[in-house]
Structures are given as C-alpha cells and as structure tokens.
Amino acid sequence: SISIPELMRLLLDEEMLPWDEAWDICNRTFGYTNHTILPEALEKWQVPMMEELLPRHMQIIYEINHRFLQQVEDRWPGDNEKMRAMSIIEESTPKMVRMAHLA
C-alpha cells in the first residue's frame with residue numbers, strides 16, 4: 001500500500017506531473033480490489049510514526065484522503081458515519097492510516 005503514495009511522490013516531485021495525471025497513472029497501475037478480510041491484510045500504521053519517517057508520503061496520503069472524502073460526501077451528503085468509516089485516516093488515539101483503504 002505504501003507503493004501508492006511512493007509512485008505519486010515520484011510522479012509529482014520527480015516527474016513534475018499535475019496531480020490528476022499522476023493519480024490517473026497510479027489508478028491504472030494499482031487498479032485492483034482487495035477481497036480479503038484477514039487481519040494481516042487490514043494493517044494500520046500510526047500517523048505520528050509515518051509523519052516522522054515519511055513526511056512527504058503523509059502529505060500525499062492526506063491529499064488522497066481529502067479528495068476521496070469529497071467524493072464520499074458528494075455521493076452520501078451529510079453521512080458523517082459513512083465518511084468516518086471510509087476515511088483512510090482512522091480518528092483514533094493515535095490516528096492511524098488504514099493501509100487497506102489506501103489500496
């Protein structure tokens with residue numbers, strides 16, 4: 001799952017592509033569905049750790065999440081529970097990145 005923000009970082013920062021073009025390439029590269037419900041496939045990484053170790057990746061993850069949640073809001077207006085459940089960032093203590101949601 002970390003390969004998604006890494007490819008976005010390369011496309012944005014190294015190749016200087018605009019977000020939408022980079023995101024399109026990313027979607028076509030990683031376009032798959034994870035059907036497993038095994039706990040090891042549903043790992044979560046602590047946001048503070050990721051912000052410290054991979055700050056640019058976290059910026060990209062936040063932007064992906066922001067754009068995704070805009071789509072959720074457009075589809076289910078005012079459904080905060082749906083947004084909370086579908087967010088890539090779990091609002092726990094500490095906050096966690098739901099890696100399966102990122103994929």
Rounded to the nearest 0.5 Å, how far does CD1 of I88 lie from CE of M99? 9.5 Å

Which residues satisfy the side chain to side chain donor-acceptor pair (under 3.5 Å) test with R56, sequence neighbours excluded? D13, Q59

Any idea which heavy atoms bring L12 and A22 closest together, and the distance? CD2-CB, 4.0 Å

Heavy-atom side-chain contact between F30 and L102 under 4.5 Å: no

Could you give the distance from CE (M86) to CD (E81), rounded to the nearest 0.5 Å? 12.0 Å

Nearest 0.5 Å, what's the CG-OG distance between N65 and S87? 3.5 Å

Under 4.5 Å between side-chain heavy atoms, counting indirect links through other Ile/Leu/Val/Met/Phe/Trp/Tyr residues: same cluster for I60 and L69 or not? no

Separation between CE (M83) and CD (Q71), nearest 0.5 Å, reads 11.5 Å

Out of curiosity, M50 CE to I89 CD1, how far, rounded to the nearest 0.5 Å? 8.0 Å

Kindly work out whether a path of hydrophobic side-chain contacts (I/L/V/M/F/W/Y, heavy atoms less than 4.5 Å apart) joins M49 to V47. yes

For residues L10 and M16: do they belong to one hydrophobic cluster (side chain heavy atoms under 4.5 Å, members Ile, Leu, Val, Met, Phe, Trp, Tyr)? no

Whether K82 and E73 form a salt bridge (side-chain N of Lys/Arg under 4.0 Å from carboxylate O of Asp/Glu) is what I want to check. no

E51 and Q46: CA distance, side-chain angles, deciding distance, side chain to side chain contact (heavy atoms under 4.5 Å, CB included) verdict: CA-CA 9 Å; E51 287 176 332; Q46 292 185 9; over 6 Å; no

Do you reckon F68 sits in the same ILVMFWY cluster as V97, going by side-chain contacts under 4.5 Å, direct or chained? no

Can you tell if the side chain of H57 reaches within under 4.5 Å of the side chain of M8, non-hydrogen atoms only? no

Just wondering, do I64 and W23 contact through their side chains at under 4.5 Å, heavy atoms? yes

When rounded to the nearest 0.5 Å, the distance separating CG of D79 from CZ of R84 is 10.5 Å

Measure the shortest side-chain to side-chain distance between E63 and W19 over non-hydrogen atoms and say whether it is less than 4.5 angstrom. yes

Is it true that W45 and M96 fall in one hydrophobic cluster, defined by side-chain heavy atoms closer than 4.5 Å? no

Less than 4.5 Å apart, side chain to side chain, heavy atoms only: is that true for I61 and L54? no

